[in-house]
Number of protein chains: 2
Amino acid sequence: MTRTALTRDDVLDAAAALVRQLGPQALTMRKLAAELGTAVTSIYWHVGNRESLLDALVERTVHEMGAIRPAGRTPAQRIVSVARRLHRELRERPHLIAMVHERGLTDRMFLPAQQALVHEVHAAGLRGARAAEVVRSVQYQVVGFVLVERNRDRAPVQSPARGELWDSRTAEHDPALARALSRPADPEKLFETSVRALVSALLEPPARTREADPN
Amino acid sequence: MTRTALTRDDVLDAAAALVRQLGPQALTMRKLAAELGTAVTSIYWHVGNRESLLDALVERTVHEMGAIRPAGRTPAQRIVSVARRLHRELRERPHLIAMVHERGLTDRMFLPAQQALVHEVHAAGLRGARAAEVVRSVQYQVVGFVLVERNRDRAPVQSPARGELWDSRTAEHDPALARALSRPADPEKLFETSVRALVSALLEPPARTREADPN
DNA sequence: ACCTGAACACCGTTCAAGT
DNA sequence: ACCTGAACACCGTTCAAGT
């Protein structure tokens, strides 16, 4: 069972597996070394230190995010399809995505998808700063959802123990709503609804609700 | 300068200040003790351990989030006003909010706001599961934005050094868009645009883009 | 070029001991 | 009831030393 010489890639692979399952805080240099069957200090020779090891994982993740082909007939459908694909890609490695984001590389990671989005937004007739705003809004929506969901499933028991919160006044007028809100959300469905709503409204000509507000 | 006896609240105050400015990872029991001028072990007597100290901070944050009065004429305006107020409240303590979220207490924290939102969504004519979906969608949008922004400003230099990314093809057809995308986003404006779009579309009668999709 | 153990500074936490 | 220092197990990291 003696392995061939330890490789930088061996280290990255083992580290990535750890981070992907348990998050970055679970990655300790000493456990990593144990897993690889070497001395802790060998790792330092290959990757520098813990911080640049994480940097390398992030770099990898950014490169793994490839282009995404839009699907659908209308620009709205095609934009939603890109968002949905992004969302699914990111959901599979939420910890790595959070690390990418922490390091300010989100824009770089989104570049290929961003170009696809720009194309579709153009097809929908938008230009300039307005088009950029739409692209960014979709991007924020996707990343925001992934970050929300990442933390969601780190917290095993959602706190307002079922029903407890909503059996007072609301339950009487609208029991279906009370029931829905006391159940855990279906993130996939919620994302779908939200991104469809967002995109369809963003592609419409002008803002409607424009007036001075006191907040 | 000798202080009166150390209080549990003293500990929480000092800890909250640390977390609020520098994030939870900056809170070490030993630094906290140093700041308070006591032995590390005194802190343990007052708060148990680090984990329950953080729990207490979260508990506090949840209680600090009070009700929010909607403002505006139409339901859409009033929902947006609640979202905007939530967004601003949360933005002032992004680390604490992230901790609340990690511990699965987001729903509990949002409870007062959620009741206001339910009221407005009812006023807009929605009921049952559909109404719950709208409330949750807005809530996800707000929390998502805060989490995105929290990480944004932890990462000082946004990576795609200005312009570098967009001076190729796109810059020629649509230089205004290229310029906009190479500048850092204005989060407040982006939130406003996104939440208005989301709400206005969610309040409209049916979903429009409904058809089988291949993704 | 690659790997090692010893050593350092820093954690969180426990515990017996003080007042 | 409150506070203390010593001690333990665990970190990341450096370095001189091996092959």
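Sequence lines set the chain letters: A, B, ... in the order given, protein chains first and strands last, and positions in each chain run from 1. Values below: every heavy atom of this structure, side chains too, minus hydrogens, waters and symmetry copies. This is a predicted model, so every value here is computed, not measured.
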Q: Calculate the interatomic distance between B:Gln25 atom CD and C:dG12 atom P; express it in whole Å.
A: 12 Å

Q. Once you round it to whole Å, what is the distance between P of C:dG12 and CG of B:Leu54?
A. 10 Å

**Q.** From D:dC11, D:dG12, C:dC2, nucleotide with atom closest to A:Met29 side chain
**A.** D:dG12

**Q.** Closest to side chain of B:Arg50, choosing from C:dT13, D:dC3, D:dG12
**A.** C:dT13

Q: Please work out if B:Arg30 contacts a base, only the sugar-phosphate, or nothing of the nucleic acid, heavy-atom cut-off 4.0 Å.
A: base

Q: Could you check which of D:dC2, D:dT13, D:dG12 has an atom nearest any side-chain atom of A:Thr28?
A: D:dG12

Q) With a 4.5 Å limit on heavy-atom distance, are the side chains of B:Asp9 and B:Arg60 in contact? A) yes

Q: For A:Ile43 and C:dG5, give me the distance from atom CD1 to atom P, rounded to whole Å.
A: 13 Å

Q | Validation row: B:Leu27, B:Leu54 side chains within 4.5 angstrom (heavy atoms) | A | yes

Q: Please determine if a side-chain N or O atom of A:His46 lies less than 4.0 Å away from the OP1 or OP2 oxygen of C:dA1.
A: no

Q. Taking any strand in view, what nucleotide pairs with D:dC3 in a Watson-Crick or G-U wobble way, both distances under 3.5 Å?
A. none

Q.
Heavy atoms only, 4.0 Å cut-off, all strands: where does B:Ser42 land among base, sugar-phosphate and nothing?
A. base

Q | Full working for side chain to side chain contact (heavy atoms under 4.5 Å, CB included) between A:His63 and A:Glu59 | A | CA-CA 6 Å; A:His63 278 87; A:Glu59 192 71 19; 3.3 Å; yes

(Q) Could you tell me how far apart A:Trp45 (CH2) and D:dT14 (C1') are, to the nearest whole angstrom? (A) 17 Å

Q: Between B:Lys31 and A:Ala39, name the one whose nearest nucleotide on DNA chain C is closer to the 5' end.
A: A:Ala39

Q.
Using whole Å, what does the distance between atom C1' of nucleotide C:dA9 and atom CG of A:Asn49 come to?
A. 16 Å

Q) What does D:dC8 pair with, Watson-Crick or G-U, if both distances are under 3.5 Å? A) C:dG12

(Q) Please classify the nucleic acid contact of B:Leu27 as base, sugar-phosphate, or nothing, using heavy-atom distances under 4.0 Å. (A) sugar-phosphate

Q: Would you check if B:Ser194 and B:Gln141 make a side-chain contact, meaning some heavy-atom pair closer than 4.5 Å?
A: yes

(Q) Rounding to an integer number of Å, can you tell me how far A:Tyr44 OH sits from C:dA6 P? (A) 17 Å

**Q.** Under-3.5 Å donor-acceptor pair between B:Thr41 side chain and D:dG5 base
**A.** yes

Q) Atom CG of A:Leu32 and atom P of D:dG12: how far apart are they, to the nearest Å? A) 9 Å

Q.
Do B:Arg91 and B:Pro187 have side chains that approach each other closer than 4.5 Å (heavy atoms only, starting at C-beta)?
A. yes

